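Shown next, in structure tokens, is the structure this report addresses.
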Amino acid sequence: MPMAANIVVALVALLHVWFLVLEMFLWDTPTGRRTFKLTPEFSAASKVLAANQGLYNGFLAAGLIWGLSLGNAGASVKIFFLACVLIAGIYGGLTASRKILLIQALPALIGLILLLA
């Protein structure tokens, strides 16, 4: 079970690195606009806010990677950051797009369940 949990934690971390890239660097590009279904005008106007959001996703990824780097001693760090991802995913799913529940919250929930099992 610990190996499966760590694989899920690593996948959640990689997802958040990808979110960082999308929000900080690709937001105002065709890839970013297509991913988030944005108009060129909106993506240009909201670029700074998206970059800030991307930075926070990077912090979540960094925390998960830190927890993984600690081995068995990192369980509480992984639990904390997965809980943060889960809460952010639930909030985003309720306020922005239901798709966030599947893309962000569900993987974090699976990781938490595996870590706590």
Side-chain angles (χ1 to χ4, degrees):
M1 210 59 108
M3 177 65 83
N6 284 334
I7 289 170
V8 173
V9 170
L11 289 173
V12 172
L14 287 173
L15 269 175
H16 281 75
V17 168
W18 176 237
F19 299 157
L20 174 146
V21 170
L22 276 171
E23 294 167 348
M24 291 189 80
F25 306 111
L26 301 177
W27 185 262
D28 196 23
T29 69
T31 300
R33 288 192 294 269
R34 187 174 45 255
T35 300
F36 296 104
K37 298 178 176 74
L38 307 173
T39 65
E41 297 78 22
F42 183 80
S43 67
S46 59
K47 191 160 102 170
V48 172
L49 292 172
N52 189 314
Q53 186 170 297
L55 185 62
Y56 283 95
N57 278 307
F59 290 139
L60 292 172
L64 292 169
I65 293 165
W66 173 39
L68 286 169
S69 75
L70 295 174
N72 291 337
S76 61
V77 173
K78 290 182 277 191
I79 290 167
F80 173 79
F81 281 97
L82 283 174
C84 290
V85 170
L86 177 60
I87 292 165
I90 291 169
Y91 183 80
L94 295 174
T95 61
S97 169
R98 295 245 188 266
K99 197 164 83 170
I100 296 171
L101 291 170
L102 293 175
I103 294 171
Q104 185 174 355
L106 183 59
L109 179 62
I110 292 168
L112 279 170
I113 289 168
L114 290 172
L115 274 172
L116 297 172

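All figures in this text were calculated on a predicted structure; none of them were measured in a lab.
- With values rounded to the nearest 0.5 angstrom, Leu106 atom CG is found 10.5 Å from Ile90 atom CD1.
- Residues Val21 and Ile100 are members of separate hydrophobic clusters, defined by side-chain heavy-atom contacts under 4.5 angstrom among Ile, Leu, Val, Met, Phe, Trp and Tyr.
- Note: Leu114 CG to Ile7 CD1 = 9.5 Å, rounded to the nearest 0.5 Å.
- Heavy atoms only, all atoms of each residue included: Trp27 and Lys47 are closest at CD1-CA, 3.8 Å.
- Applying side-chain contact (heavy atoms from CB on, under 4.5 Å) to Val9 and the options Val85, Leu14, Leu82 leaves one that passes, Leu82.
- The distance from the CZ atom of Arg34 to the OG1 atom of Thr29 is 8.0 Å, given to the nearest 0.5 Å.
- Follow the hydrophobic side-chain contacts under 4.5 Å out from Met24 and you reach Trp18 in the same cluster.
- We find the CG-NZ distance between Asn6 and Lys78 to be 3.5 Å, quoted to the nearest 0.5 Å.
- Across all their heavy atoms, His16 and Ala61 have their closest contact at CB-CB, 3.9 Å.
- Cluster annotation: Ile87 is not connected to Leu102 through the hydrophobic network of ILVMFWY side chains, with a link wherever side-chain heavy atoms come within less than 4.5 Å.
- Side-chain N or O atoms of Ser46 include none that pairs as donor or acceptor with a backbone N or O of Leu49 at under 3.5 Å.
- Cluster annotation: Leu116 is connected to Ile110 through the hydrophobic network of ILVMFWY side chains, with a link wherever side-chain heavy atoms come within less than 4.5 Å.
- To the nearest 0.5 Å, atom CG of residue Leu22 and atom CG of residue Leu15 are 10.5 Å apart.
- The minimum heavy-atom distance between Cys84 and Leu60, with the atom names listed, is CB-CD2, 3.7 Å.
- For the atom pair CG (Leu26) and CZ (Phe36), the distance works out to 9.0 Å, reported to the nearest 0.5 Å.
- Closest non-hydrogen pair, Asp28 versus Ser43, comes out as OD1-OG, 2.7 Å.
- Under the side chain to side chain contact (heavy atoms under 4.5 Å, CB included) criterion, Ile103 pairs with Phe19, Lys99, sequence neighbours left out.
- Closest non-hydrogen pair, Leu20 versus Gly58, comes out as CD1-CA, 3.4 Å.
- For residues 45-97, the set of pairs meeting the ring pair (Phe, Tyr, Trp, His ring centres under 6.0 Å) definition, not counting sequence neighbours, is empty.
- The two residues Ala13 and Ile65 come nearest to each other via the heavy atoms CB-CG1, 3.9 Å.
- A 4.5 Å side-chain heavy-atom check between Asn52 and Val48 finds every atom pair outside the cut-off.
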